[in-house]
Structures are given as C-alpha cells and as structure tokens.
Amino acid sequence: MAEYNFREIEQKWQQIWKEKGIFKSAVDPKCPKFYSLDMFPYPSGAGLHVGHPLGYIASDIVSRFKLLKGFNVLHPMGYDSFGLPAEQYAIQTGQHPAVTTEQNISRYTEQLKNIGFAFDWDREIRTSDPDYYKWTQWIFMQLFSSYYDLDADKALPISSLVARFEQEGNAQFKAVCDEDTPSFTATQWKDFSSNEQQQLLLHYRLTFLAETTVNWCGALGTVLSNDEVKDGFSERGGHPVERKKMMQWSMRITAYADRLIKGLDQLAWSEPIKEMQRNWIGKSIGAEIVFAVKGSHQKIQVFTTRVDTIYGVTYLALAPESDLAAELITDAQRATAETYIQQAKNRSERERMSDVKTISGAFTGAYAINPFNGEEIPIWVADYVLAGYGTGAVMAVPAHDERDYNFATHFGLEIRQVIEGSMENGSFPGKGGIIINSGNLTGLTMKEAINQCIDFLEEKGIGRGKVQYRMRDAIFTRQRYWGEPLPVYFKDGLPYLIEEKDLPLVLPGVDKYLPTEDGAPPLGRAKDWTYTTESGTYPLELSTMPGWAGSSWYFFRYMDPSNMQSFADKDKTDYWGAVDLYIGGSEHATGHLLYSRFWTKFLYDIGAVSIDEPFKKMINQGMIQGRSNFVYRIKGSNTFVSLGLKDTYDTSAMHVDVNIVHNDQLNLEKFKAWRLDLANAEFILEDGKYHCGAEVEKMSKSKYNVVNPDDIIERYGADTLRLYEMFLGPLEQFKPWNTNGIDGVYKFLRKLWNLYHPQNGAFAVSDAPPSKEELKALHKAIKKMEEDMANFSFNTSVSSFMIFVNELTSLGCNKREVLEPLAILISPYAPHIAEELWSLLGHGESITKASFPKFQEAHLVESNFEYPVMINGKLRAKLDLPLTLTVQEIEKAALADAQVQKWLEGKAPKKVIIVPGKIVNLVV
RNA sequence: GCCGGGAUGGUGGAAUAGGUAGACACGCAAGACUUAAAAUCUUGUGGCCAGAUCGGCCGUGCGGGUUCGAUUCCCGCUCCUGGUACCA
C-alpha cells in the first residue's frame with residue numbers, strides 16, 4: 001500500500017473490532033473500572049448531524065485513553081426511543097411509531113459505527129423496548145409503595161407507614177405529605193374504610209395522583225409544558241391553550257429537595273450547572289405568618305424570608321388569582337379592583353414576567369391586622385405576586401425590598417424604615433444592620449430578630465418557621481401514546497398497582513394515535529385495556545409516562561442490559577458504580593440531571609443500588625451551530641453576484657446548500673444542478689471565483705446548513721472527522737460548524753502516515769536508537785497529552801500532535817522507538833490509522849491493548865534558557881544563559897550585553913527584577 | 001430584571017499560581033515542480049511608520065486602577081451568548 005487509503009483502513013479495522021469483540025467489557029474485580037457515558041440520543045428522522053458526535057468523540061477519546069492506562073472501561077450507547085416526533089409522524093401517516101423508531105435507530109447505529117467508536121454494542125438499550133421499560137414500570141411501583149420519612153431522612157416502605165398509623169395516627173408523625181392532609185388518630189385510622197385509607201395513603205406515596213393545574217391544549221388533546229406554550233398558544237400548531245385542573249400523576253421530588261442540594265457539593269460538575277440546579281430547587285428559609293383580616297373571619301397566610309422586618313410592613317399584597325382577594329373587596333373598591341383582577345388574569349404569566357417595569361395593582365378596601373403591633377394595614381392586589389409560589393400573598397416592606405418599594409412609591413403608600421442605614425438610594429435589604437423602630441425587636445440583629453419572631457409566632461399559634469422550595473413536584477403523566485404505560489388499574493376510582501409478575505405491561509395497539517372523541521388519551525382506543533384480579537376486571541390507566549422516565553435510570557441498565565430478574569444485578573452496579581465521566585449538552589441541566597439524581601437517591605434508599613449520586617464528573621459540550629452560506633441574486637433575474645460586488649447591484653440574499661460550497665467558494669456546476677430553476681443561472685464573479693456570504697445560525701434543514709458526518713467521512717475519513725471536531729475549539733464552547741480548516745487535519749494524517757512510509761510510500765522503520773532531540777519531542781508530546789486529558793482540552797492535544805509530527809518530519813526521524821509510542825499517543829483520537837500503523841510495526845494485537853508510554857522528565861531537562869531582557873517593560877534583547885546561573889550572575893551577564901547597554905545609555909538601572917528561568921526586567 | 005459564560009490577527013483558536021501575545025491550523029501572497037490545472041513542497045503573513053534597511057510605535061471589546069511587568073488581578077461600562085424565578 002503506497003498512499004494513506006483511509007477507506008480501506010477504516011473499514012478493515014471496524015470489521016476487526018467487531019469480529020474480535022475488542023470493546024466488550026465485563027466485571028473484573030482485579031481491574032480498576034472507568035465508566036464513560038454519553039447522553040443517549042433520541043433517534044430522530046433527520047439522522048445524525050455533525051453536532052451529535054462532538055461529545056461522543058470526546059468521551060471515546062477518554063475511554064480509549066483509559067484503556068491504554070489499564071482501566072476496565074464501560075462505554076455504552078443506546079437510544080432514548082420514546083418521544084413525541086415519532087408519535088406526530090404516526091398521527092400523520094398511521095404508521096406505528098415502533099416502526100419508524102426502528103428505522104431511525106438502524107440509521108443512527110450505522111452512522112455511529114462509521115465513526116469508529118469504542119462502544120460495547122452488546123450493551124445497547126432502547127427505552128421503548130418492553131424488556132427495558134418493564135423495569136421503568138418496576139421503579140414506578142417502588143415509588144408508589146414508598147413514602148418519605150423525615151426522621152429517617154429517607155424513603156421507607158408504605159407498609160411501615162400503615163403500621164405507624166395503626167399505632168399513633170399521623171398527628172405527631174413527620175413524613176412528607178400533601179399540604180391538605182387531614183390529621184387523624186390511631187383509632188380514627190382503624191375506623192376508616194379501606195377506600196378512605198387508600199385515599200389518605202395517596203397523600204404520602206412518592207408517586208401519587210393529585211389534582212394539578214396544567215396547560216391543556218384541546219386541539220392536541222394533551223398537556224403541554226410551559227416551554228411548549230407561547231403567548232397562550234401551543235408552540236406546535238399554534239392552538240389555543242387553557243389553564244385547566246386535571247388529575248395527574250406526580251413524583252414527590254420535593255421530598256428530596258434538600259438532599260439534591262447537598263449532594264451537589266461532592267460532584268465535579270461545572271459551577272454554572274450546579275448553580276442552575278440550586279436555583280431551580282430554590283430553597284429559602286423563612287417563616288409563615290397568619291394575618292387576621294379586620295372585621296372578617298378570613299385569615300391571610302404569607303411566607304417571608306425577612307420576618308425581622310415585620311414592623312416595616314405597610315401593606316399586604318395578594319396575587320390576582322387569589323380567591324381570597326375577590327372575597328375581601330369592599331363595595332367601595334369593587335369596580336376598580338375587580339376590573340384590575342380581570343385584566344391581570346388575562347395577561348399570561350409570561351407577559352406578566354417579561355413586563356417588569358409596569359407597576360400595577362388595586363386596593364381591595366380591606367385591612368389586615370399586624371399580629372406584632374395590632375396595626376391596621378391595607379390589603380392590595382398586585383400582579384407582581386405570583387399565585388404559584390409560597391402562599392400567593394406577600395407582606396410588603398417597602399423600605400427593605402425593591403419591588404415593594406417601587407409599588408409603594410407608585411401608589412403613594414407608606415415606607416417605614418426598620419433597619420439602620422441610609423434610604424438615599426431607595427430601599428436596601430440591610431441584612432447586616434441593626435433593627436430600629438420595631439418594639440421589642442429594636443436593637444437586635446437580623447438573625448436574633450428572626451429567631452425571636454418565629455418563637456413568638458409559634459407560641460401564639462399564628463405562624464411557624466418554614467423552608468420553602470421553588471421546585472414543585474414533577475408531573476409524571478402525558479396524554480400520549482408513545483410512552484411507557486403506567487402499571488396501574490382503577491378500582492372504585494382509586495389507583496392500585498398491578499402485580500409484579502404481570503410486568504411488563506406492554507403498550508397495546510390502537511387504531512389511531514389521537515385522543516378519543518370524548519377527550520381521553522389514545523390508550524382509550526385500545527381494546528381490552530383492563531386488568532383482571534381475583535375480585536374482578538378493572539380499567540387500566542390511560543396516560544403514559546413522560547419522556548424523562550426511561551432516561552432517569554438508563555445508566556444502571558447498561559451495567560446489566562439483558563437481566564430478566566432485576567433492573568441490574570447488585571454485584572454489577574456495585575462494581576461499575578457511578579459514572580466517572582458524563583458528557584452531554586447543558587440544555588438538560590435542570591430536567592434530566594435532576595430527575596436522574598432523584599431516582600438514584602430513591603434506589604439508594606430502598607437498597608437497590610449502593611451509590612446516591614449517579615454522575616461524578618460531568619462535562620457539557622457546547623452546541624455546534626450551523627454556518628449558512630448565501631448567494632446574491634439580482635432582483636428579478638437569474639444572475640448571481642459574488643459577495644464583494646453585491647452592493648453594486650440591487651440584490652437579495654438566498655440560502656445556498658453548504659454542501660456545494662467549499663471555503664466559501666461556490667461550486668458553479670453543482671449550483672446549477674442543485675435546483676431546476678437554477679440550471680441556466682448566470683454569475684458575476686470576482687477573480688474568476690464566486691464568493692458566498694456566511695452567517696452563523698441554528699442547524700436546520702430549511703437553512704440548507706445541515707452537515708452530515710457521512711459526507712465528511714466519505715471525503716476525508718472518520719479519523720479526520722474525529723480529529724477535526726476536536727480541533728475546532730474547546731469542547732465546552734458553542735461554535736459554528738465550518739469545514740474551512742479540515743484540509744489541515746487531513747494533511748496532518750497524511751504526514752503522519754508518511755513518517756512510517758519514508759520512501760516511495762514503502763513502510764520502513766529504523767531500529768537505530770533515537771537522538772536526544774527525538775526523545776525530547778516524544779516526551780514533550782506525552783506530557784502535553786496527559787495534561788490535556790486531565791483538563792479535557794482536546795483541541796490543544798491535536799495541536800501538539802501536529803507539532804510533534806512536524807518536528808519528526810523535519811528531523812527525518814523514522815525510528816521505531818519514537819514511532820511506536822507516537823502511534824499509541826494518537827490512537828484515542830485517530831484509532832483506525834493508529835491500528836494500521838501498529839500492525840505494520842509488527843504487532844499482532846489491537847493497539848487498544850498496548851500501554852500508554854511512560855513520561856520521563858529526564859528527556860526534557862534543559863541546560864540553557866534564552867532570557868527575554870525587558871527594559872521598562874519592553875522586550876529589548878535576548879540572552880542565552882545556562883540555567884545554573886545565580887541571580888547575581890544573570891544580572892551581570894545582562895548588564896554586560898551590548899544591546900542592553902545601548903538602551904541603558906550608560907545609566908545604572910533603578911531596579912532589577914530577575915526571575916530565574918523566566919525573565920530579566922530592568923527599570924531605568 | 002436577575003444569575004452564569006464570553007469578547008485575542010482576514011478566520012478557528014493558543015498562552016492565565018501575573019513574566020517574550022498570536023502556538024497549531026485555515027485563508028491569502030510569492031516561489032518551485034507541471035504544457036496547464038489539481039496535488040505537493042518552500043518562504044512570507046497582527047496593524048501602522050520606516051531609506052521597506054538598522055529599526056520604531058501601536059496592539060488581547062471600551063474607560064480607569066494595582067504592579068518592575070496585566071490577555072491574566074481589581075473597579076466601572078459596551079456588546080454577544082446560555083439559563084431563568086418579579087420567589088417575598
């Protein structure tokens with residue numbers, strides 16, 4: 001073989017890897033493990049684009065590096081194969097989503113295999129596979145059968161809760177439950193009917209059925225997330241969306257809120273992602289206070305983090321949605337207040353949030369009594385108060401809260417300062433100040449005052465200390481077809497689990513993938529969607545699980561993918577443990593990552609696994625954006641003007657397929673062939689070339705900027721693609737895709753090949769011992785690669801390979817002692833060419849079985865250093881001096897230098913700074 | 001609005017316990033090889049000034065500061081980008 005023939009080499013080695021099962025992994029207690037995981041893809045109909053493999057290549061490089069370092073590596077891939085697009089397609093075509101999903105998966109798999117990943121394909125999983133979702137359903141059943149015990153601070157079986165109820169009722173018992181849970185004694189519990197008992201237990205179960213307000217889209221027959229709603233209409237299709245109360249399954253993730261926050265501390269994730277999770281969970285510590293309403297039996301509950309400012313309260317504000325607000329309005333205020341409420345309610349939540357500057361509100365006419373000093377305070381309705389957070393009511397302290405301040409200023413309400421400080425710049429939080437004008441709180445610090453207030457409230461029974469979370473329980477049902485059925489049937493209107501032996505509850509066939517005529521989910525169309533027990537036949541749940549169900553535990557299933565007895569064998573989950581490196585997009589920062597952590601903690605509580613955090617280290621790769629190209633058509637003609645001349649004509653820009661543009665130059669023939677109407681296009685060129693305009697946009701079919709990895713592989717090979725994606729820039733950075741630099745990477749691989757084929761393309765290596773310089777170049781490269789691997793700085797590693805190969809080329813080195821380690825170094829990045837070279841070097845085994853070369857500092861030791869000599873901070877001379885010189889000797893040498901003397905103009909320097917091995921700086 | 005991240009040549013980017021800014025590539029220019037083109041190789045390439053020589057000045061988004069020395073640290077801005085919660 002003369003030339004570097006990537007096609008032949010890549011196919012050959014992919015075949016060998018497959019046949020020999022090179023990347024099969026198995027538990028091996030003698031060997032340290034490394035679990036390297038990618039966020040598994042949803043197999044969409046569009047296939048893989050060049051953005052997908054970015055993270056996979058990075059994790060593949062780390063995996064192969066760890067193999068060379070002697071680790072037992074688990075590096076699996078699978079598919080998150082339940083999802084809306086397949087269902088949408090099914091609605092349009094009537095084709096079963098399983099069929100299109102299967103097609104998409106085979107396309108993805110083929111594309112992934114072309115890139116030469118070190119995946120253990122035997123471990124492939126699909127969340128829509130009944131053997132997989134059997135265990136998703138099983139985990140759901142465990143959640144249903146558990147409650148969260150606050151004393152034990154963990155999930156415990158619901159049976160032990162029942163035992164406690166039988167002994168002591170629930171009044172003294174600390175467990176996470178719904179706000180509206182009634183309290184009862186042991187005797188009462190025993191007297192309840194079985195149905196009543198079941199009803200009560202639903203208040204405690206970790207997954208439960210409850211009435212929730214949701215975004216209901218009648219036209220789509222489904223509930224939408226806030227994200228999917230834009231200005232009151234569905235993002236998809238633009239149908240109207242209404243707020244509607246519905247019975248929905250929820251997951252009591254709030255029970256784990258505190259542990260989810262605390263757990264973050266031990267994780268090696270980027271700070272921004274951790275911060276996002278903390279903000280999402282949104283813990284605030286404060287107090288709940290009950291205000292009596294003057295001349296009414298009504299009470300208003302507020303939540304505040306600053307109960308110490310209670311003497312500064314000058315009004316209460318209620319959310320417009322509040323039922324209480326409507327009730328409290330006096331006749332005198334009725335007209336204005338009710339109009340305001342109506343207006344505020346009509347504004348969508350999004351509108352209200354984005355429009356911060358407009359201050360609006362209305363006085364109800366009613367007054368509340370401050371329980372601390374008996375003062376009467378006006379009650380207002382204000383749309384800056386959100387119904388969904390806390391109690392939907394706020395005690396306003398204008399002096400120490402900016403929003404309250406703006407509101408009070410706008411409506412001329414009293415502003416009363418209760419913390420030392422200056423009000424010159426409006427309100428201030430004054431968290432460190434001393435309390436003033438506050439009865440017996442005066443003189444205390446914030447902390448002291450808060451404690452004293454809470455004691456007072458609890459003593460009087462009109463409030464308590466409270467921890468409030470922003471995060472709400474996660475809704476767990478979707479009114480859709482293509483998802484996991486819930487293993488639940490209904491008897492007397494109450495939910496019960498099916499028996500474990502009947503798992504999986506397989507998704508039934510339906511005639512259409514649409515809601516039924518009376519608005520029930522698609523499963524309402526299934527025949528015999530019922531469950532039979534000894535006592536009779538009952539209807540099964542019609543909703544399915546949300547997309548995040550299957551992805552919340554898949555990292556465990558990879559450890560034991562075909563286990564029929566359990567979701568994964570404990571010995572295996574114990575061996576593989578937590579994911580050592582997880583790579584994926586930051587768009588999952590609050591959804592997937594939070595749910596996975598929640599389920600892992602739960603599985604830990606019930607003893608199913610031994611870890612309570614699933615992902616030790618996490619890297620978020622930046623999205624690869626598209627880079628669109630444009631041509632400029634003279635309006636009303638079929639003539640196209642090159643970029644530099646476009647302004648001399650009246651032109652309009654038109655997207656052009658980036659695949660017929662190279663280095664921003666248009667291929668004229670391909671352009672004419674691109675579309676029928678362009679066959680007779682004419683061009684006005686610059687220097688005989690057509691230059692296209694370019695812009696960075698999201699990758700999308702309609703912008704003709706989607707680049708498919710297959711095309712790159714066809715043209716340059718998988719190794720070039722892998723190297724190039726890494727060379728593009730730091731992994732975590734967002735960057736546009738362009739192929740402008742890909743030739744350089746391809747050239748580099750050919751240079752690498754030529755090192756081993758020095759003459760006439762014939763393979764030849766010399767067994768002569770390497771020179772000092774050659775060894776130095778080698779060990780410099782080894783060191784750099786290890787450092788970069790620790791920092792996940794893949795782009796700089798590619799550079800250092802280029803430098804190394806350039807050095808060897810100019811040294812004319814083809815010595816085995818250098819070229820063997822070189823092949824190993826590069827093998828994680830460009831595995832195919834490395835395998836080929838390795839086998840040419842005479843090795844019978846795969847290069848993945850080699851060991852990483854050992855770095856030896858001795859080869860890098862220098863005897864001399866070229867000192868930059870700076871005079872007044874400017875580089876004026878360079879001095880090559882031995883590193884053994886002392887500071888005094890360096891100074892002497894520097895001052896003796898002719899160039900230096902010229903700049904000193906005979907004067908002695910005022911100051912001399914010498915950092916040995918770094919720099920000489922003279923100040924004149 | 002708030003919370004992150006960022007801004008370096010024509011382009012992607014390199015260099016931060018403060019120490020020679022622009023590594024490595026792309027692009028461009030000139031040259032070699034060739035009937036020619038492609039490919040390949042060699043050389044040059046931040047800007048400005050300069051007898052285009054010796055060399056000098058300016059330069060890491062903008063304005064200040066600390067320092068012998070700042071892309072790096074501090075203060076104040078501008079713009080881009082991701083997230084989001086008017087969270088009491």
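Residue numbers begin at 1 in each chain, while the letters A, B, ... track the order of the sequences. Every value quoted in this text rests on a predicted model; they were computed, and no experiment measured them.
Of the P atoms belonging to rC2(B) and rA85(B), the separation is 16 Å, rounded to the nearest Å. Between rG22(B) and rC86(B), the two C1' atoms lie 46 Å apart (nearest whole Å). When the P atom is used for both rA14(B) and rA23(B), the distance is 13 Å, rounded to whole Å. Separating the P atom of rU20(B) from that of rG65(B) is a span of 23 Å, rounded to the nearest Å. The gap from the C1' atom of rC24(B) to that of rC74(B) amounts to 33 Å, rounded to the nearest Å. Using P as the reference atom, rG10(B) and rG61(B) are 13 Å apart when rounded to the nearest Å. Look at the P atom in both rA39(B) and rA29(B): the space between them is 13 Å, to the nearest Å.
The NZ-C1' distance, from Lys747(A) to rU40(B), rounds to 9 Å in whole Å. Rounded to whole Å, atom C1' of rG19(B) lies 14 Å from atom NZ of Lys911(A). Whole-Å rounding puts the Tyr4(A) OH to rU40(B) P distance at 14 Å. The CG-C1' distance, from Asp401(A) to rG1(B), rounds to 14 Å in whole Å. Atom pair Tyr746(A):OH and rG12(B):P shows a separation of 26 Å (rounding to whole Å applied).
For the OP1/OP2 pair of rA23(B) and a distance below 4.0 Å, the side-chain nitrogens and oxygens of Lys784(A) include no atom meeting the criterion. A sub-4.0 Å separation between OP1 or OP2 of rC24(B) and a side-chain N or O of Asn795(A) is absent. Between rA23(B) and Thr796(A), no contact under 4.0 Å exists linking OP1 or OP2 to a side-chain N or O. For rG56(B), the OP1/OP2 oxygens have a side-chain nitrogen or oxygen of Arg876(A) closer than 4.0 Å. The side chain of Arg403(A) places an N or O atom within less than 4.0 Å of a non-bridging phosphate oxygen (OP1 or OP2) of rC87(B). Regarding contacts with the backbone of rU84(B), every side-chain N or O of Arg470(A) stays at 4.0 angstrom or more from both OP1 and OP2.
Residue Lys878(A) is in base contact, counting any heavy-atom pair closer than 4.0 Å across all strands shown. Nucleic acid contact for Asn806(A): sugar-phosphate only, since backbone atoms but no base atoms lie under 4.0 Å from a heavy atom of the residue. Looking at heavy-atom distances under 4.0 Å, Glu732(A) makes no contact with the nucleic acid at all. Among the atoms of the strands shown, base atoms are found under 4.0 Å from some heavy atom of Ile913(A). Arg750(A) comes within 4.0 angstrom of the backbone, heavy atoms only, and of no base. In this structure, Phe801(A) reaches neither bases nor backbone, as no heavy-atom distance under 4.0 Å exists between it and the strands shown.
Side-chain atoms of Tyr315(A) and Pro398(A), non-hydrogen and from C-beta on, do get closer than 4.5 Å to each other.
Nearest heavy atom pair, residue Leu457(A) against residue Arg464(A), reads CB-N, 4.3 Å.
In this structure rU78(B) sits in a base pair with rA7(B), meeting the Watson-Crick or G-U test at under 3.5 Å. The pairing partner recorded for rA36(B) is none, the criterion being a Watson-Crick or G-U wobble arrangement whose two distances lie under 3.5 angstrom.
In the displayed structure, Lys283(A) atom NZ is contacted under 6.0 Å by more than 12 heavy atoms of other residues, nucleotides or ligands.
There is a side-chain donor-acceptor pair under 3.5 Å between Lys751(A) and Asn806(A).
Note that CG of Asp788(A) and CG of Asn795(A) are 8.0 Å apart. Values are rounded to the nearest 0.5 Å.
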